[in-house]
Amino acid sequence: MKTRNVTDLIFFDEEAARTEVLYESEQLFSQVICLQEAQGVGPMQDPGSEGLLVVLSGEVAAQIGRTRTRMKQWASATVPAGDELTLRNASPEPSVVLLVLAPPPG
């Protein structure tokens with residue numbers, strides 16, 4: 001069994017959003033996304049991977065496919081295979097998001 005402390009992967013960069021791989025295997029990929037100020041990631045898309053995102057801290061504006069929503073700490077959403085995902089920090093405080101994809105993106 002592999003274990004990691006997610007807080008070991010939380011770092012912020014003044015220049016751009018940071019992403020750190022949490023776990024990666026043949027069946028699963030996960031990463032921690034750290035956003036501050038007006039930083040964002042995406043759009044990103046994979047036709048064969050379904051995703052799950054969980055806001056660990058802060059608040060983000062998420063666009064999944066054509067749907068937009070604001071998500072606060074502990075909110076989660078699924079990302080259907082093939083849909084584009086874009087995330088932006090939506091608060092003055094830093095935000096941290098966990099993104100899990102299965103299977104790993106190609």
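A quick note: this is a predicted structure, and the numbers were derived from the prediction, not measured.
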The criterion is side chain to side chain contact (heavy atoms under 4.5 Å, CB included); which residues satisfy it with Pro80, sequence neighbours excluded? Ile64, Asp83
Would you kindly confirm whether Val21 and Ile10 end up in one hydrophobic cluster when ILVMFWY residues are joined by side chain heavy atoms under 4.5 Å apart? no
Keeping to residues at least two apart or across chains, list the side-chain hydrogen bond (donor to acceptor under 3.5 Å, both in side chains) pairs with something in residues 91-100. Asn89-Ser95
So, for Ala61 and Ala90, which heavy atoms are closest and what is the spacing to 0.1 Å? N-CB, 3.7 Å
Separation between NZ (Lys2) and CG (Leu22), nearest 0.5 Å, reads 10.5 Å
The criterion is salt bridge (charged side-chain N to carboxylate O under 4.0 Å, His left out); which residues satisfy it with Arg4, sequence neighbours excluded? none
Assess the residue pair Leu56 and Trp74 against the criterion (side-chain contact (heavy atoms from CB on, under 4.5 Å)); give the C-alpha distance rounded to whole Å, side-chain angles, the decisive distance to 0.1 Å, and a yes or no. CA-CA 6 Å; Leu56 302 180; Trp74 307 124; 4.2 Å; yes
Check for me, please, whether Met44 and Leu52 land in the same ILVMFWY cluster - side-chain distances under 4.5 Å, paths through other members count. no
Between Ile33 and Tyr23, is there shared hydrophobic-cluster membership here, with clusters defined by ILVMFWY side-chain heavy atoms closer than 4.5 Å? no
Over all heavy atoms of both residues, which pair between Leu9 and Cys34 is shortest? Give the atoms and the distance, please. O-SG, 4.0 Å
Run the side-chain donor-acceptor check on residues 97-106: report pairs under 3.5 Å with partners two or more places apart or on a different chain.
none

Do any pairs count as a salt bridge (charged side-chain N to carboxylate O under 4.0 Å, His left out) and have a residue in residues 16-33, sequence neighbours left out, and if so which ones? Arg18-Glu20
Shortest non-hydrogen contact from Val96 to Phe12? CG2-CZ, 3.8 Å
Can you name the residues that form a side chain to side chain contact (heavy atoms under 4.5 Å, CB included) with Glu14, not counting sequence neighbours? Gln36, Glu37
Who passes salt bridge (charged side-chain N to carboxylate O under 4.0 Å, His left out) against Arg88, sequence neighbours left out? none
Linked, directly or transitively: Leu35 and Val32 (ILVMFWY side chains, under 4.5 Å): no
Applying side-chain hydrogen bond (donor to acceptor under 3.5 Å, both in side chains), which residue pairs with at least one partner in residues 45-65 are found, sequence neighbours left out? Asp46-Ser49, Glu59-Arg70, Gln63-Arg68
Please determine whether residues Leu28 and Val79 belong to a single hydrophobic cluster, defined as Ile, Leu, Val, Met, Phe, Trp and Tyr linked transitively by side-chain heavy-atom distances below 4.5 Å. no
List for me each residue that meets side chain to side chain contact (heavy atoms under 4.5 Å, CB included) alongside Asp8, sequence neighbours excluded, and say none if there are none. Asn5
